[in-house]
2 protein chains.
Amino acid sequence: MTPNTHDQLLKKKQVEQMLAEHGIFVTAQRRIIAEALFARNQHITADQLLDLVNKNGTKVSKATIYNSLGLFADKGLVREIHINASKTFYDSNASRHHHFYNVDTGDLIDMKERLVPLFLQSDLPDGTVMETADVVIRVRNQSP
Amino acid sequence: MTPNTHDQLLKKKQVEQMLAEHGIFVTAQRRIIAEALFARNQHITADQLLDLVNKNGTKVSKATIYNSLGLFADKGLVREIHINASKTFYDSNASRHHHFYNVDTGDLIDMKERLVPLFLQSDLPDGTVMETADVVIRVRNQSP
DNA sequence: ATCAATTTTAGAACTATTCTAATGCCACGA
DNA sequence: TCGTGGCATTAGAATAGTTCTAAAATTGAT
Ligand SMILES: [Mn+2]
Ligand SMILES: [Mn+2]
Ligand SMILES: [Zn+2]
Ligand SMILES: [Zn+2]
């Protein structure tokens, strides 16, 4: 019995294809990182991802984690979410959606699409085009 | 001729009143910091404010700048805006409004009120109440 | 095999922010 | 007026997320 099931092989193919389609040269480390990152929709920090990737014997350096996350973000595969000066999440779901952040629990929760604001291109500052719309609604637990 | 004009004295009074109304004990340093910060609507970083405050002979420590900004933010007098891991702005206008951030120029520009999204309390996660709605629309300069 | 270009890496460097612990300040009551 | 308690302020150290450096590894092309 090989360590790779059919499903895992499929997923590996999908991830490679995804990277290639976005003009990202596939390397061993990028494949490992992308497989861990895109295995599910998640909000993860750089060093949570480092731990996750290196949990199973593989060894990827911290620098490569940052390099790859930066590259993936540039190519539009992940979204950076800046909660505060020392908390940056990477969202493996880069499609248009926004978030609730619970300051009491630290939870970052996806917001339903229908709540997303609408912007008109013509309302942007002159000579600019929209890159991303970053929305974080901070909530706290109701007082008891 | 005294160094303080009538207008400046008025402004000083107003600032003290503002702090007191928000339950902030007025101290010499807090008054100096608040006068510089609330002199106009601005988006300013902690050490820009440190420079501004200490420009005219006064001497306030970096720790006090951070302590005061944190206190003012807790009391709802300023808004923190987290652009990225190493760029936090303090907005001296804490009223509800949002921002465009130009990644090419670094400009942070106020957004007109009518573009602000609407949220229904009932759409928040169960058991939570809204604290702030932080919206930053990132734009970049149109390609030439 | 050789080569140039790109990627990875360990660890150092950087830097915004927070922490520490000593000192200062001030109001109040004895 | 003096002493005490409680904050506030401070210099500088510590922290920690991120970026940088420069050397080694990998890659695909010739
Ligand atoms: Mn982390
Ligand atoms: Mn700064
Ligand atoms: Zn999300
Ligand atoms: Zn503003």
Side-chain angles (χ1 to χ4, degrees), chain A residues 15-16 19-20 22-37 43-54 57-75 77-91 101 103 106 108, chain B residues 15-16 19-20 22-37 43-54 57-75 77-91 101 103 106 108:
Chain A
V15 162
E16 280 189 35
L19 296 181
H22 286 77
I24 295 171
F25 205 96
V26 179
T27 67
Q29 288 87 345
R30 286 174 186 170
R31 188 167 42 231
I32 291 168
I33 292 169
E35 274 166 27
L37 179 58
H43 306 128
I44 193 171
T45 64
D47 59 58
Q48 285 170 344
L49 181 57
L50 179 64
D51 291 348
L52 180 60
V53 157
N54 289 340
T58 55
K59 191 66 213 310
V60 174
S61 74
K62 191 191 301 190
T64 298
I65 295 286
Y66 277 102
N67 289 344
S68 300
L69 284 172
L71 179 63
F72 295 173
D74 282 351
K75 301 297 187 180
L77 283 178
V78 298
R79 283 273 300 279
E80 293 178 347
I81 301 165
H82 302 284
I83 294 300
N84 60 47
S86 64
K87 200 154 213 50
T88 300
F89 286 108
Y90 290 85
D91 194 334
Y101 178 71
V103 296
L108 188 67
Chain B
V15 162
E16 280 189 36
L19 296 182
H22 286 79
I24 295 170
F25 203 94
V26 179
T27 68
Q29 288 87 344
R30 287 173 186 171
R31 187 167 42 231
I32 291 169
I33 291 169
E35 275 166 26
L37 180 57
H43 306 129
I44 192 171
T45 65
D47 59 59
Q48 284 170 344
L49 181 57
L50 179 65
D51 290 348
L52 180 60
V53 158
N54 288 340
T58 57
K59 189 66 212 308
V60 174
S61 74
K62 191 193 300 190
T64 297
I65 294 286
Y66 276 102
N67 288 344
S68 301
L69 284 173
L71 180 63
F72 296 172
D74 282 351
K75 302 297 188 180
L77 284 178
V78 297
R79 283 273 301 281
E80 293 178 347
I81 301 164
H82 302 285
I83 294 300
N84 61 47
S86 63
K87 199 154 216 51
T88 300
F89 286 108
Y90 290 85
D91 193 334
Y101 178 72
V103 296
L108 188 67

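The chains referred to below are lettered A, B, ... by the order of the sequence lines, with proteins before strands, and numbering in each begins at 1.
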**OP:** Could you check B:V15, B:V60, B:T58 and say which one makes a side-chain contact (heavy atoms from CB on, under 4.5 Å) with B:I33?
**Re:** B:V60

Original post:
Rounded to whole angstroms, how far apart are CG on B:L69 and P on C:dT17?
Top reply: 9 Å

Original post:
Which part of the nucleic acid does A:A63 contact within heavy-atom distance under 4.0 Å: base, sugar-phosphate only, or nothing?
Top reply: base

**OP:** Send over the distance from A:I83 CD1 to D:dA16 P, rounded to a whole Å.
**Re:** 20 Å

Original post:
CG/A:D47 to OG1/A:T88 distance, rounded to the nearest 0.5 angstrom?
Top reply: 10.5 Å

Original post:
A:N67 has an atom CG; how far is it from atom P of C:dA10, in whole Å?
Top reply: 13 Å

Subject >> Short side-chain N/O contact from A:T88 to OP1 or OP2 of D:dT18, under 4.0 Å >> reply: yes

Original post:
Within this structure, what is the OH-to-C1' distance between B:Y90 and C:dA16, rounded to whole angstrom?
Top reply: 10 Å

**OP:** Kindly assign one of parallel, tilted or perpendicular to the pair B:Y101 and B:F89, based on the angle between their ring planes and the thresholds 30° and 60°.
**Re:** tilted

Subject >> Euclidean distance, atom CZ of residue A:R30 to atom P of D:dT26 [Å, nearest integer] >> reply: 15 Å

**OP:** Please state whether the phosphate of C:dT15, meaning OP1 or OP2, lies under 4.0 angstrom from any side-chain nitrogen or oxygen of B:S86.
**Re:** no

**OP:** Examine D:dT19: is either OP1 or OP2 under 4.0 Å from a nitrogen or oxygen in the side chain of A:Y66? Give yes or no.
**Re:** no

Original post:
At their closest point, which heavy atom of A:V26 faces which heavy atom of A:A20, and how far apart are they?
Top reply: CG2-N, 4.5 Å

**OP:** Check the distance between D:dA8's P and B:I65's CD1 and give it to me in whole angstrom.
**Re:** 16 Å

Original post:
Of the options A:N67, A:I65, A:L71, which is the one that meets A:L69 in a side-chain contact (heavy atoms from CB on, under 4.5 Å)?
Top reply: A:I65

Original post:
To the nearest angstrom, how far is A:L50 atom CG from C:dT8 atom P?
Top reply: 14 Å

Subject >> A:E80 CD to D:dG17 P, straight-line distance once rounded to whole Å >> reply: 15 Å

Subject >> Short side-chain N/O contact to D:dT26 OP1/OP2 from A:Q29, under 4.0 Å >> reply: no

Subject >> Contact under 4.0 Å: B:K59 side-chain N or O vs D:dA11 OP1/OP2 >> reply: yes

Subject >> Below 4.0 Å: OP1/OP2 of D:dA8 and any side-chain N or O of B:T27 >> reply: no

Original post:
Among the nucleotides D:dT9, C:dA10, C:dT17, which one has an atom lying closest to any side-chain atom of B:S61?
Top reply: D:dT9

Original post:
Which nucleotide sits closest to the side chain of A:F25: D:dT27, D:dG17, D:dA11?
Top reply: D:dT27

